[in-house]
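Take a look at the structure set out below.
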Amino acid sequence: MANDSNRFQAIISHCKEYGFIFPSSEIYDGLQAVYDYGQWGSELKRNIRDYWWNSMTRMHENIVGIDAAIFMHPTIWKASGHVDNFNDPMIDNKDSKKRYRVDHLIEGYAEELVSGGRDSEAAALVKSMETLLASDDFGGLKKLIEDHKIKCPISGTSNWTDIRQFNLMFSTEFGSTVSTEDEDNKVYLRPETAQGIFVNFLNVQKTGRMKIPFGIAQVGKAFRNEIVARQFIFRMREFEQMEMQFFIRPGTQQEWYAYWKNERLQWHKSLGIPAEKFRFHDHVKLAHYADAACDIEFEFPIGFKELEGIHSRTDFDLRQHQEFSKKKMQYFDNDTDPSTGKPYGNYIPYVIETSIGLDRMFLAVMSYAYTEEDLSTPEKKDDRVVLKFPARLAPVKLAILPLTKKDGLPEIARGILEDCRSSFYCFYEEKDTIGKRYRRMDALGTPFCVTVDHQTREDNTVTIRHRDSMEQERVSIDQLKAIVTKAII
Ligand code: ATP
């Protein structure tokens with residue numbers, strides 16, 4: 001539960017100063033828990049999205065992608081259980097009038113205990129909380145808060161209301177008669193992308209001639225009216241999810257659940273982020289649709305927190321949609337069941353889901369990459385901020401920097417730009433000293449800079465500078481494309 005709030009604040013400032021992330025509607029003082037991605041943030045986000053998408057759809061022959069609409073028939077959210085169950089227990093402080101998610105309030109207090117060296121007390125508190133949450137024991141939870149004298153961080157008092165459930169879905173109305181009373185016109189902004197996959201299960205299976213086991217992947221916006229929303233892009237009201245539903249034969253869920261846990265962890269590690277930054281957390285309280293569930297947690301600067309969820313969802317969703325829509329959600333499996341010697345026949349498939357927040361993944365990558373380095377020598381004080389992104393995710397791959405604005409150097413540099421820009425993102429800059437330009441590129445996480453100098457005119461070579469080691473080497477212009485391409489595939 002290491003909590004490094006200075007580092008977190010430094011990352012937030014860096015994201016703003018260098019065009020990664022801006023508060024939404026900033027000139028109107030912002031909109032709580034809503035953010036805009038700037039010129040470099042949108043590139044980084046796109047690269048993360050593409051890396052996930054390609055590893056799901058291109059690297060697995062039996063996974064295809066879809067792009068379903070955000071608006072869906074309102075009955076879908078009845079069937080999925082979101083209208084009745086997508087609630088969080090909340091508690092209000094009567095003095096500050098602030099509302100808290102009960103688990104966040106208790107976990108925040110547990111983190112304080114850990115900072116004070118009272119680790120075992122914190123662990124016992126979290127365990128009691130999880131047991132009470134699992135049985136929806138709100139009286140017990142309130143007593144736990146009172147027994148530990150947990151205070152509101154704003155008012156400093158323990159003057160709490162009773163605990164109540166709040167639904168997290170946003171709704172709006174369809175059609176011209178805008179009346180909030182009219183339940184018939186009510187539509188929801190989807191709180192997860194998964195349901196778009198379930199309701200298209202048969203469309204994709206039939207038109208794609210998919211055979212079980214197979215998966216459907218989707219990336220898209222989701223909306224939740226989060227109450228505690230003060231953690232930058234960790235918890236937003238509008239965010240993006242990358243979800244994959246893997247349809248399997250009933251009875252094989254344990255094996256596929258284990259497979260996807262491992263597969264997803266390997267994906268994270270394939271980015272070069274060390275294994276100790278991740279851990280699994282098995283759920284004690286299972287969601288209404290799950291028979292097993294865990295989170296992959298990442299060590300953010302605010303401690304280990306959920307980055308991705310892996311859920312064994314049984315046949316809950318498809319069965320519910322079959323019941324509510326009165327349309328069959330069955331699959332005919334003509335493979336032979338060895339125990340009977342006959343085809344498996346008709347069944348509603350079981351599902352393993354992997355669900356990761358694109359924005360949370362962005363924050364994980366950014367937190368891992370953000371590095372402050374002291375480069376001072378006895379003669380001179382010096383430091384730099386460098387984003388050590390995996391090269392394949394970096395917004396800019398190659399910066400092309402002519403040493404001066406004259407002597408034909410910009411022309412040669414622009415020639416390199418023309419040659420490389422269709423293969424990967426290049427950035428051309430001729431203003432300022434070369435040292436300043438290198439530092440700006442470090443702050444954007446650009447893995448390679450090339451400098452075109454007077455020698456280039458003689459022998460067609462340039463200096464290539466490596467971001468992390470700051471080492472420089474002389475290479476031929478003809479080699480550049482291959483050097484960068486090798487690092488980013
Ligand atoms: P949490 O417990 O943090 O609220 P959750 O268990 O409700 O998350 P899921 O419903 O499993 O989350 O959603 C899958 C993924 O979507 C999460 O692992 C997370 O990466 C992302 N996610 C969920 N809610 C948000 C949010 N408000 N802002 C950003 N990302 C989110």
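Starting from 1, each residue takes its place in the sequence as its number. The analysis underlying the following values was restricted to heavy atoms, covering all of them including side chains, and did not include hydrogens, waters or symmetry mates.
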Applying side-chain contact (heavy atoms from CB on, under 4.5 Å), run through E238 and K221 and close with a yes or a no.
CA-CA 7 Å; E238 173 181 342; K221 289 266 181 168; 2.7 Å; yes

Passes salt bridge (Lys or Arg N to Asp or Glu O under 4.0 Å), E226 versus R235? Steps please.
CA-CA 7 Å; E226 300 279 5; R235 190 171 300 286; 3.5 Å; yes

Given D432 and R440, is the side-chain contact (heavy atoms from CB on, under 4.5 Å) satisfied, shown in steps?
CA-CA 10 Å; D432 284 332; R440 267 206 299 275; 3.0 Å; yes

side-chain contact (heavy atoms from CB on, under 4.5 Å) assessment of L398 paired with F427:
CA-CA 6 Å; L398 179 69; F427 184 81; over 6 Å; no

Go through the steps to decide whether V462 and V475 satisfy the test side-chain contact (heavy atoms from CB on, under 4.5 Å), and finish with yes or no.
CA-CA 6 Å; V462 285; V475 299; 4.1 Å; yes

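Between H283 and E130, the side chains place no donor N or O within less than 3.5 Å of an acceptor N or O (distance only, hydrogens not considered). In summary, the side chains of S270 and Y51 do present a donor paired with an acceptor at a separation below 3.5 Å, with no hydrogens or angles considered. Side chains of Q472 and H466: no donor on one and acceptor on the other come within 3.5 Å. Residues S55 and W267 bring a donor and an acceptor atom of their side chains to less than 3.5 Å of each other. Side-chain atoms of E243 and Q218 form no donor-acceptor pair, as typed in the model, at a separation below 3.5 Å. A donor and an acceptor atom, one from each side chain of S312 and D291, are located under 3.5 Å apart. Side-chain atoms of E255 and Y257 include no donor-acceptor pair closer than 3.5 Å. Checking D50 against N47 by side-chain atom types alone, no donor-acceptor pair falls below 3.5 Å.
Looking at heavy atoms from C-beta onward, I216 lies out of side-chain contact with I63 at the 4.5 angstrom threshold. Between Y35 and I21, some side-chain heavy-atom pair lies under the 4.5 Å cut-off. In this structure, the side chains of D359 and E240 come closer than 4.5 Å at one or more pairs of heavy atoms. Two residues are said to be in side-chain contact when any heavy atoms from C-beta on lie closer than 4.5 Å; Y428 and P410 meet this criterion. Side-chain contact between D382 and R439 is present, with heavy atoms from C-beta onward closer than 4.5 Å. By the 4.5 Å heavy-atom criterion applied to side chains, F214 and F246 are not counted as neighbours. The closest side-chain heavy-atom distance from D119 to L113 is not below 4.5 Å. Side-chain contact between F424 and K481: present, with at least one pair of heavy atoms (C-beta onward) separated by less than 4.5 Å.
A donor-acceptor pair is defined here as one N or O able to donate and one able to accept, closer than 3.5 Å; such a pair exists between the side chain of K397 and the backbone of R392. Side chain of Y331 to backbone of I212: a donor-acceptor contact under 3.5 angstrom is found. Panel note: side chain D295, backbone I310; no donor-acceptor pair is recorded below 3.5 Å. With hydrogens and angles disregarded, a donor-acceptor distance shorter than 3.5 Å links the side chain of Q253 to the backbone of G251. Judged by distance alone, the side chain of R465 and the main-chain N or O of C449 form no donor-acceptor pair under 3.5 Å. Of the possible polar contacts, one joining the T371 side chain to the A369 backbone as a donor-acceptor pair under 3.5 Å is found. Listed for the T252 side chain is no donor-acceptor partner under 3.5 Å among the backbone atoms of I248.
Geometric assessment of K269 against the ring of F278 yields a negative cation-pi assignment under the 6.0 Å and 45° thresholds. Note that R190 lies outside the cation-pi zone of F223, set by a 6.0 Å cut-off to the ring centre and a 45° limit from the axis. With F239 as the aromatic partner, R224 does not meet the cation-pi criteria of under 6.0 angstrom to the ring centre and within 45 degrees of the ring axis. Relative to the six-membered ring of Y37, K45 meets both conditions, a distance below 6.0 Å and an angle of at most 45° to the axis.
A tilted orientation is assigned to the rings of F201 and F247, their planes being inclined by 30° to 60°. W77 and H82 have perpendicular rings, their planes meeting at more than 60° on a 0 to 90° scale where under 30° would count as parallel. Ring geometry, W260 versus H60: the interplanar angle falls from 30° to 60°, so the pair is classed tilted.
Under the 4.0 Å criterion applied to side-chain N and carboxylate O atoms, R101 and D88 are assigned as salt-bridge partners. For the pair R384 and E373, the salt-bridge criterion is met [side-chain N within less than 4.0 Å of a carboxylate O].
No more than 12 heavy atoms of other residues, nucleotides or ligands sit less than 6.0 Å from atom CD of E61. The number of heavy atoms from other shown groups lying within 6.0 Å of CD (E471) does not exceed 12. Taking a 6.0 Å sphere around NZ of K16, one finds it holds 12 or fewer heavy atoms contributed by other residues, nucleotides or ligands. Shown here is R49, whose CZ atom has more than 12 heavy atoms of other residues, nucleotides or ligands within 6.0 Å. Heavy-atom contacts from other residues, nucleotides or ligands closer than 6.0 Å to OH of Y28 number 12 or fewer.
The distance between the ring centers of W40 and Y18 does not fall below 6.0 angstrom. Proximity of the aromatic rings of F298 and F304 is defined here by a centroid distance below 6.0 angstrom, and this criterion is not met. F174 has its ring centre less than 6.0 Å from the ring centre of F71.
The distance from atom CD1 of I434 to atom CD of E429, rounded to the nearest 0.5 Å, is 9.0 Å. Taking CZ of R313 as the start and OG of S355 as the end, the distance is 8.0 Å to the nearest 0.5 Å. To the nearest 0.5 Å, atoms CZ (R249) and CG (D333) are separated by 4.5 Å. Note that CD of Q479 and OG1 of T461 are 10.0 Å apart. Values are rounded to the nearest 0.5 Å. Rounded to the nearest 0.5 Å, atoms CG (D442) and CZ (R467) are 8.0 Å apart. Here L409 contributes atom CG and E430 contributes atom CD; the two are 10.0 Å apart, rounded to the nearest 0.5 Å.
Among residues two or more places apart in sequence or in another chain, the salt bridge (charged side-chain N to carboxylate O under 4.0 Å, His left out) test is passed with D29 by none.
For C426 against I400, the heavy-atom pair with the smallest separation is CB-CD1, 4.0 Å. Contact detail for E353 and A194: the closest heavy-atom pair is OE2-CB, 3.5 Å. Pairing each heavy atom of N200 with each of A68, the nearest pair is ND2-CB, 4.3 Å. Scanning all heavy atoms of the two residues, the minimum distance from S367 to I11 falls at CA-CD1, 3.8 Å. The two residues F20 and H14 make their nearest non-hydrogen contact at CD1-O, 4.5 Å.
Just one of H281, E308, K305 meets the side chain to side chain contact (heavy atoms under 4.5 Å, CB included) condition when paired with E297; it is H281.
The side chain to side chain donor-acceptor pair (under 3.5 Å) analysis of residues 445-454, with sequence neighbours excluded, yields the pairs D407-H454, Y438-T451, D453-T456, D453-R474.
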